[in-house]
Asks: 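Following this message is one structure expressed as structure tokens.
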2 protein chains.
Amino acid sequence: MSRSATRERIEEKADALFYEAGFEATSFADIASAIGISRGNFYHHFKSKDEILEAVITRRLSATQAMLEAWDTDAAPKDRILSFIRILITNRTKIMAFGCPVGTLTTELAKLDHIAEARAAQIFTLFRDWLADQFRALGHRDDADALALHVLARSQGIAVMASALKDEAFLRAEVAALEAWLDQLPDHTPTKG
Amino acid sequence: MSRSATRERIEEKADALFYEAGFEATSFADIASAIGISRGNFYHHFKSKDEILEAVITRRLSATQAMLEAWDTDAAPKDRILSFIRILITNRTKIMAFGCPVGTLTTELAKLDHIAEARAAQIFTLFRDWLADQFRALGHRDDADALALHVLARSQGIAVMASALKDEAFLRAEVAALEAWLDQLPDHTPTKG
DNA sequence: GTCTATAACTCGATAGAC
DNA sequence: GTCTATCGAGTTATAGAC
């Protein structure tokens, strides 16, 4: 099963529009006209809107997995966690406009009572497990998962409020506070040899 | 201008449905059938859907203002802040199902590029200013506003993650962590006399 | 006059046949 | 890839009920 270029473009545009306008507010016509194809052509690749959502979530899961694996090459666990936290800075413009893509999609699907909600929440699980690994590497055996969830929650809160306030200074201040929290965490990294 | 009972019922049901299903996903038919009136009757009370949204936001602003004023009778500023934090516990069932009503509405309106977004975000301003007042009462002259935003962001993050994970233990743990953070804050409450 | 119900209109959505 | 069917949304018009 080859992945056609058209299918790829549909997924890419759907991914962007689901983020910027929301899943429900995005229509087939919006996606089709944005990439310059007919609605019929669309139907050749995806039979229903739910099928596109499925593809977008799969796409995001893969992208997240790839990003985390890339960060795994960073030397210190704390630096890896910092990489995660700094997504908020890197993507600040979009976050201030549309919030976090993961959090907002999960929230929307929850309200729609959509079956894909659990699958969208899986993206959080990837971050959660990866972050917990880093905290375990820092010697936090018992509370690694709780610390991972704490970082996730803090990040989500920053995204929501930055979007509501449209305030970059707030975003930067709260990111700095989160980094300070991480910095004062006891580091029990076991030394080799 | 009297407020008819029907108008009141429309606002009340719209408020609930906008929270539970989202603004856009809620149709006139949904509201009408839920309270047992005809769709046509709607337009006697509201000229458009945006007008209902306007009324719902006004309603929430008033309710928030009233809640904050009620809390102002609490003796200590820290207890007042605790009252705010504990909304997460009190409303945990709905929050785990639909998130925070303020955060999710603001997020949705941002994506829809809806003019009412700023007005919805005003609810956050009420909480922000009230919380800042409490922190000032605790002697935090310079960082009262930043502390207020920190509490708001932490609360929003907890709501988002609790809804994504459907995990009450997580919610309670993070609320406890936030209360612990508040508890270790220096209290410089000036004594009278 | 205030409220409510019925019905029809317009538009844009998904879905699907050709 | 075009073209159409069907459905449901917001909205409007109009007329009946209190």
Side-chain angles (χ1 to χ4, degrees), chain A residues 2-58 105 108-109 111-117 119-120, chain B residues 1-59 105 108-109 111-117 119-120:
Chain A
S2 70
R3 298 178 55 80
S4 77
T6 301
R7 189 190 160 93
E8 184 66 25
R9 285 200 304 151
I10 291 174
E11 287 185 12
E12 189 179 350
K13 183 54 75 175
D15 193 343
L17 288 178
F18 286 177
Y19 175 35
E20 296 168 11
F23 167 66
E24 181 152 284
T26 301
S27 70
F28 278 28
D30 291 335
I31 305 172
S33 76
I35 63 177
I37 65 167
S38 70
R39 272 173 298 173
N41 193 352
F42 208 107
Y43 197 74
H44 175 71
H45 295 284
F46 298 97
K47 306 239 179 303
S48 70
K49 200 177 174 184
D50 286 353
E51 219 173 82
I52 307 181
L53 176 60
E54 190 60 31
V56 166
I57 294 174
T58 300
L105 180 62
E108 183 180 1
L109 295 182
K111 284 181 197 282
L112 295 177
D113 221 349
H114 198 290
I115 23 162
E117 185 201 349
R119 197 161 150 68
Chain B
M1 182 190 289
S2 70
R3 297 178 56 80
S4 76
T6 300
R7 187 189 161 97
E8 184 67 24
R9 284 198 304 151
I10 292 174
E11 287 185 13
E12 191 179 349
K13 185 53 75 176
D15 193 344
L17 288 178
F18 287 176
Y19 175 35
E20 296 168 11
F23 168 65
E24 183 159 50
T26 300
S27 71
F28 278 34
D30 292 334
I31 305 173
S33 75
I35 63 177
I37 65 167
S38 69
R39 263 177 307 171
N41 192 354
F42 253 107
Y43 286 85
H44 178 74
H45 299 281
F46 299 96
K47 296 202 206 321
S48 69
K49 196 180 177 183
D50 285 354
E51 215 173 84
I52 304 182
L53 176 60
E54 190 61 32
V56 166
I57 294 174
T58 300
R59 187 189 173 82
L105 179 62
E108 182 180 3
L109 295 181
K111 285 181 197 283
L112 295 177
D113 222 348
H114 198 290
I115 22 161
E117 185 201 348
R119 196 161 151 70

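Quick caveat: nothing in here was measured; it's all calculated off a predicted structure. Computed from heavy atoms alone, side chains included, the values below leave out hydrogens, waters and symmetry copies. Residue numbering restarts at 1 for every chain, and letters A, B, ... go by the order of the sequence lines.
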Asks: For the pair A:K49 (side chain) and A:F23 (backbone), establish whether a donor and an acceptor sit closer than 3.5 Å, ignoring hydrogens and angles.
Replies: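 Side chain of A:K49 to backbone of A:F23: a pair is present.
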Asks: Can we say A:K13 and A:E8 salt-bridge, meaning some charged N sits less than 4.0 Å from an Asp/Glu carboxylate O?
Replies: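 Salt bridge between A:K13 and A:E8, a charged N being under 4.0 Å from a carboxylate O: no.
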Asks: Main chain of B:A32, side chain of B:R39: is a donor-acceptor contact present, judged purely on distance under 3.5 Å?
Replies: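 Not a single qualifying donor-acceptor pair exists.
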Asks: Please set out all donor-acceptor pairs under 3.5 angstrom arising from side-chain atoms of residues 14-22 of chain B, sequence neighbours excluded.
Replies:
residue, atom, partner, partner atom, Å
B:D15, OD1, B:R60, NE, 2.8
B:D15, OD1, B:R60, NH2, 3.0
B:Y19, OH, B:K94, O, 3.2
B:Y19, OH, B:G99, O, 2.6
B:E20, OE2, B:K94, NZ, 2.6

Asks: Quick one: B:F28 CZ to C:dA8 P, roughly how many Å, whole number?
Replies: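 Taking atom P of C:dA8 as the reference, CZ of B:F28 is at 20 Å.
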Asks: By a strict heavy-atom criterion of less than 4.0 Å, which residues belonging to residues 45-57 of chain B are in contact with DNA chain D?
Replies: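 B:S48, B:K49, in order of number.
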Asks: Given atom NE2 of B:H44 and atom C1' of D:dC18, what is their separation to the nearest angstrom?
Replies: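 So the NE2-C1' distance, B:H44 to D:dC18, works out to 12 Å.
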Asks: Rounded to the Å, how far apart are B:I31 CD1 and D:dA9 C1'?
Replies: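 Going from B:I31 (CD1) to D:dA9 (C1'), I get 12 Å.
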Asks: Step by step, work out the side chain to side chain donor-acceptor pair (under 3.5 Å) result for B:N41 and B:S38.
Replies: CA-CA 5 Å; B:N41 192 354; B:S38 69; 4.9 Å; no
Asks: Considering non-hydrogen atoms only, spot the tightest contact between B:I37 and B:R9 and give its length.
Replies: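 The pair with the smallest heavy-atom distance is CG2-NH2, 3.8 Å.
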Asks: Tell me: CD of A:E24 to C1' of C:dT14, nearest whole Å?
Replies: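 These atoms are roughly 12 Å apart.
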Asks: Identify the pairs formed between an N or O of the protein and an N or O of nucleotides 1-8 of chain D at a distance under 3.5 Å, and give each distance.
Replies:
residue, atom, partner, partner atom, Å
D:dG1, OP2, A:N41, ND2, 2.5

Asks: Should A:R119 and A:E54 be marked as a salt bridge (charged side-chain N to carboxylate O under 4.0 Å, His left out) after you check the CA-CA gap, both sets of side-chain angles, and the distance that decides it?
Replies: CA-CA 8 Å; A:R119 197 161 150 68; A:E54 190 60 31; 2.4 Å; yes
Asks: Given B:I57 and B:L105, is the side chain to side chain contact (heavy atoms under 4.5 Å, CB included) satisfied, shown in steps?
Replies: CA-CA 10 Å; B:I57 294 174; B:L105 179 62; 4.2 Å; yes
Asks: Would you kindly compare A:D30 and A:Y43 by the position of their nearest DNA chain C nucleotide and give the one closer to the 5′ end?
Replies: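 Its nucleotide being nearer the 5' end, the pick is A:D30.
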